[in-house]
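Notes follow the structure.
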Amino acid sequence: MPTPLRILLIQPAWDGLSYRRKVKVSERAIHPLTLGVVAALSPGHEVRILDEARETMPESATGFDVVGLSVNTFTAPRAYRLADRFRKEGVPVVFGGPHTALLPNECLEHADSIVIGDAEDTWPRVLQDLAERRLQPRYLSTNQDGALIPAPRRDLFRSTSRDVAWCQMSRGCANQCRFCYLQYMPHRTMRLREVSSVVDELRALRQEIILFVDDNVFCQRDYTKEVLKAITPLGKRWWIQAPTNLHEDEGLVALMAESGCYSVSIGFQTASNVNNQSERILQNRVEDYAALVRLLHRHGILVDGTFIFGFDGDDRSTFAATEELITRLKLDTYTFYFLTPYPGTEYFAQFEREGRILHRDWSRFDWDHVVVQPKQMTVEELRHGVKSLYQRLDRRYFVPNALHRLATQRHARSSLTLLKFLVSTGWNYYWSPVLRD
Ligand code: B12
């Protein structure tokens with residue numbers, strides 16, 4: 001057994017203005033699952049996890065043999081600054097996370113080494129090479145095996161919620177939406193964890209509410225059904241991201257409800273089929289949405305709809321059309337984003353060729369800032385359109401609809417927790433400096 005390495009794993013803070021406000025009520029519920037998984041892939045080594053959103057960064061990393069940073073696009077500027085500081089102290093820095101796949105060369109200006117894609121088949125090699133003092137600049141994952149995904153080292157999280165835990169059954173999605181980061185990841189296959197491993201992990205959790213972070217487990221319905229049957233006896237309540245074509249399978253929706261699903265987040269993305277076509281959101285058809293939401297509600301499942309604004313097909317009439325859709329569908333909650341093409345992708349390059357990229361400060365690439373010039377609106381019209389849509393819906397629609405739903409909801413206790421979470425989110429959006437500036 002080689003000498004154990006002292007590893008510091010960091011989730012850097014988001015420089016974005018609104019982050020702390022957004023998570024203030026739900027903050028304790030958010031733990032760095034990603035780093036927990038990387039830690040679980042470091043057996044025999046000494047690992048410390050540091051989530052900068054909740055802990056102060058130490059002045060120095062001396063004493064550690066390596067610092068691993070998980071880098072998203074919107075945390076990249078912060079990650080670069082930290083990495084530069086640690087490397088000056090002579091501590092090797094390794095980056096992982098979506099941003100390394102998107103902008104590998106830029107990342108390598110700040111890190112000694114980068115992991116592109118999954119850590120399951122790369123991080124053990126990084127550790128081996130570090131121990132043998134032959135660290136390579138790039139490690140490219142070719143992982144296709146979900147069985148390699150371990151349960152996270154939750155014992156290393158500083159504080160966790162008593163009620164809520166994050167968990168993952170699978171990675172990957174078969175859809176091809178142009179704006180999604182998954183299009184640009186090295187591996188496009190679904191990686192499905194062993195059913196028994198998911199069940200064992202959930203059984204060991206004291207938390208009753210599970211938030212599944214799967215990209216789209218419903219691409220593999222047989223697998224999904226198998227997991228849901230297996231977790232039903234555990235009596236958990238759970239949330240997940242789900243696709244718009246769930247209405248094709250009422251049996252699956254019934255199984256979701258029986259196994260404790262109280263809420264789903266659905267990427268409706270747009271109220272326009274023109275956008276669905278041009279943005280390759282080919283699984284979405286606006287005419288299917290009413291049947292889908294009715295089905296989920298009939299089974300006692302709350303529906304959060306996410307929408308993106310700023311597609312080339314959007315104009316000033318888009319906000320009223322989305323409002324009409326949300327109220328007609330009777331969505332329980334709604335979350336809005338500004339279109340954010342990721343640097344390093346062909347999608348971004350196309351906007352760049354058209355001279356429409358407004359910023360190159362990656363911390364703004366968080367879906368909360370307008371970063372591309374809209375085609376049929378001004379930036380201000382887009383920003384104001386989203387802000388006032390939130391305000392109109394929050395004031396006139398959200399509370400009466402939520403009260404009605406609570407009165408008729410099956411999983412009332414989880415609904416209350418969810419409602420608390422969402423009211424705070426809505427409140428924060430209303431006051432959000434990003435939407436106010
Ligand atoms: C859970 C989640 C959240 C949670 C909690 C985030 C958190 N701080 O832990 C909440 C809801 C709060 C959230 C919020 C946001 N999120 Co989020 N989130 C996710 C989600 C669904 C799961 C992340 C996760 O836990 N995955 C499970 C782990 C095990 O897998 P993984 O992260 O992919 O890590 C693997 C590899 O990437 C690699 N790896 C990653 N880091 C490292 C580091 C090292 C050293 C190594 C070796 C390897 C490595 O190894 C891991 C194991 O194989 C992802 C999408 C996804 N499916 O990954 C989006 C995602 C990370 N979020 C994203 C975004 C944009 C946001 C928001 C900005 C959205 C918004 N405007 O509100 C905010 C920002 C908040 C913040 N500061 O983090 C984007 C980031 C894209 C990008 N290019 O940067 C993603 C990819 C979603 C997307 N579809 O675009 N998010």
Side-chain angles (χ1 to χ4, degrees), residues 173 175-180 216 218 241-248 263-297 301-341 347 351 356 367-398 400-402 404-405 422 425-426 429-430 432 435:
C173 172
N175 298 331
Q176 296 173 14
C177 312
R178 289 175 73 213
F179 54 83
C180 178
N216 185 1
F218 299 97
Q241 292 189 121
T244 52
N245 55 7
L246 267 188
H247 66 283
E248 292 164 359
S263 172
V264 289
S265 182
I266 297 200
F268 294 107
Q269 318 301 19
T270 169
S272 148
N273 277 337
V274 173
N275 283 338
N276 281 334
Q277 286 303 310
S278 60
E279 299 297 323
R280 251 186 5 233
I281 318 172
L282 302 176
Q283 66 284 7
N284 282 13
R285 294 185 331 158
V286 177
E287 56 278 21
D288 294 337
Y289 296 170
L292 166 69
V293 178
R294 268 200 311 272
L295 177 64
L296 288 162
H297 280 164
I301 298 174
L302 294 166
V303 185
D304 173 56
T306 59
F307 293 86
I308 298 171
F309 294 90
F311 290 126
D312 282 359
D314 288 347
D315 60 21
R316 278 173 293 178
S317 68
T318 299
F319 308 105
T322 312
E323 183 174 3
E324 190 279 325
L325 182 67
I326 289 173
T327 50
R328 178 160 54 81
L329 295 179
K330 297 195 169 50
L331 294 187
D332 300 289
T333 51
Y334 31 83
T335 310
F336 304 145
Y337 295 110
F338 295 117
L339 179 66
T340 300
Y347 195 51
F351 286 105
R356 292 168 59 195
W367 298 86
D368 273 353
H369 290 78
V370 179
V371 292
V372 280
Q373 176 64 49
K375 198 164 193 171
Q376 305 194 59
M377 281 179 270
T378 64
V379 170
E380 203 34 56
E381 281 169 338
L382 174 57
R383 206 171 8 210
H384 178 75
V386 168
K387 179 183 171 182
S388 47
L389 183 56
Y390 263 130
Q391 288 174 338
R392 285 200 302 280
L393 287 166
D394 286 357
R395 281 182 195 154
R396 294 186 215 146
Y397 168 80
F398 178 72
N401 187 64
H404 167 76
R405 192 69 56 217
L422 292 163
T425 310
Y429 267 113
Y430 181 67
S432 161
L435 290 175

- Task: Would you please name every residue forming a side-chain contact (heavy atoms from CB on, under 4.5 Å) with Glu248, sequence neighbours left out?
- Result: Arg221, Asn245
- For Thr270, enumerate each residue passing the side chain to side chain donor-acceptor pair (under 3.5 Å) test, keeping only those at least two apart in sequence or located in another chain. Asn275
- Would you find a donor on one side and an acceptor on the other, under 3.5 Å apart, between the side chain of Thr333 and the backbone of Leu331? no
- Message: For Phe307 and Thr335: C-alpha separation, side-chain torsions, deciding distance, then whether side chain to side chain contact (heavy atoms under 4.5 Å, CB included) applies.
- Response: CA-CA 6 Å; Phe307 293 86; Thr335 310; over 6 Å; no
- Residues which pass side chain to side chain donor-acceptor pair (under 3.5 Å) with Asn216, listed by chain and number, not counting sequence neighbours: none
- Taking atom types as modelled, is there a side-chain donor on Gln283 or Asn276 under 3.5 Å from an acceptor on the other? no
- Arg316 atom CZ, neighbour heavy-atom count above 12 within 6.0 Å: no
- Any residue meeting side chain to side chain donor-acceptor pair (under 3.5 Å) with Ser278, in chain and number order, not counting sequence neighbours: none
- Is it true that atom CZ of Arg280 has more than 12 heavy atoms of other residues, nucleotides or ligands lying nearer than 6.0 Å? yes
- Contacts of type ring pair (Phe, Tyr, Trp, His ring centres under 6.0 Å), residue Phe309, not counting sequence neighbours: Phe319, Phe336
- Asp332 side-chain N/O to Leu302 backbone N/O, donor-acceptor pair under 3.5 Å: no
- Is Val371 close to Phe351 at the side-chain level, that is, under 4.5 Å between some pair of heavy atoms? no
- Message: Suppose we screen for side chain to side chain donor-acceptor pair (under 3.5 Å). Which residues come up paired with Arg356, at least two apart in sequence or across chains?
- Response: Asp312, Glu354
